[in-house]
Amino acid sequence: MNDKLYIVIPAYNEEANIGAVIDDWYPIVEKYGEESRLVIVDDGSKDNTYAIMKEYAKNRPKFIPITKPNSGHGATVLYGYNYALEQGADYIFQTDSDGQTLPEEFPQFWEEKENHDMVIGWRNGRQDGGSRVFVTKTLKLVIRICFGVTVTDANTPFRIMKCSTLKQYIGLVPNDFNLSNVIISVIYAKKGCRVKYIPITFRPRQGGVNSINMKRIFGIGRQALKDFKAINKTLSKM
């Protein structure tokens with residue numbers, strides 16, 4: 001079977017990284033499936049991210065550059081997922097555009113895809129700073145309290161998902177939800193989906209400036225608590 005893989009990558013103000021990211025991940029879609037595609041969704045960048053993407057697409061027929069108005073990381077991820085589903089993807093793999101993940105670690109995820117609804121990278125020994133580790137551990141505790149489930153690493157931007165399962169649940173995630181990957185991980189845990197965690201390398205950002213600071217993280221966290229309660233009510237009724 002020639003499975004159709006769509007790699008979805010959100011990007012915002014990543015002109016320093018986007019070329020290297022395309023060079024890293026384009027060979028994957030060339031190798032895995034004739035109809036596989038690399039889709040990078042520019043979230044209304046203020047720099048040359050999208051211009052660079054269009055230039056790279058000229059000689060990479062399996063690369064699809066998309067741009068849209070700014071709506072945040074989570075909404076952009078969902079936009080990419082819905083696009084891939086509309087195109088008939090069999091599997092969606094998501095990573096980020098800051099160069100922190102390694103394409104050479106992808107094959108082991110591909111090998112596990114048929115046996116699981118989702119395979120997620122576990123950022124064991126991550127190298128992107130103590131504050132980010134603290135946020136991840138706090139998020140794990142909040143999820144346990146709010147939803148009664150334990151997730152190893154809910155927000156990792158290194159995951160492959162079976163589209164037949166994602167179609168069932170993506171409608172539960174609000175389009176503007178900032179932590180869309182988190183809530184997808186939670187939904188899968190609540191519904192007893194087959195999920196496997198595999199340790200991955202998680203490097204420091206490879207260039208540019210991170211647009212998320214601690215103040216924004218706490219702001220997102222406060223809003224997430226409200227959204228978690230509403231979504232948990234919906235899940236409890238299903």
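Values below: every heavy atom of this structure, side chains too, minus hydrogens, waters and symmetry copies. The structure presented is a predicted model; accordingly, all values stated were derived computationally and were not measured.
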Passes salt bridge (Lys or Arg N to Asp or Glu O under 4.0 Å), D23 versus R60? Steps please.
CA-CA 10 Å; D23 286 338; R60 293 171 177 82; 3.1 Å; yes

Between CG on residue N13 and OG on residue S45, distance to nearest 0.5 Å:
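One gets 4.5 Å once the value is rounded to the nearest 0.5 Å.
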
Test item: S97 and I40 side chains (from C-beta on) under 4.5 Å apart, heavy atoms:
no

Less than 4.5 Å apart, any side-chain heavy atom of Y12 and any of T76?
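Not in contact.
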
My understanding is that a hydrophobic cluster links ILVMFWY residues whose side chain heavy atoms are under 4.5 Å apart, including indirect links. Using that, what else belongs to the cluster containing Y6?
V39, V41, I64, I66, Y79, Y83

Check for a donor-acceptor pair, side chain of [X] on one end and backbone N or O of [Y] on the other, with a separation under 3.5 Å.
X	Y	value
S180	A75	no
N70	D43	yes
T156	G121	yes
T49	E14	yes
Y26	K62	yes
K162	E114	yes
Q94	V77	no
Y197	V151	no
D153	R123	yes

Indicate yes or no: does D117 engage R194 in a salt bridge with an N to O separation below 4.0 Å.
yes

Residue pairs passing the side-chain hydrogen bond (donor to acceptor under 3.5 Å, both in side chains) test where at least one lies in residues 28-40, sequence neighbours excluded:
none

Does a donor on one side chain sit under 3.5 Å from an acceptor on the other, for H73 and D96?
yes

Can you check whether W110 and F93 have ring centres sitting under 6.0 Å from each other?
no

In terms of hydrophobic clusters joined by side-chain contacts under 4.5 Å, are V29 and L102 together?
no

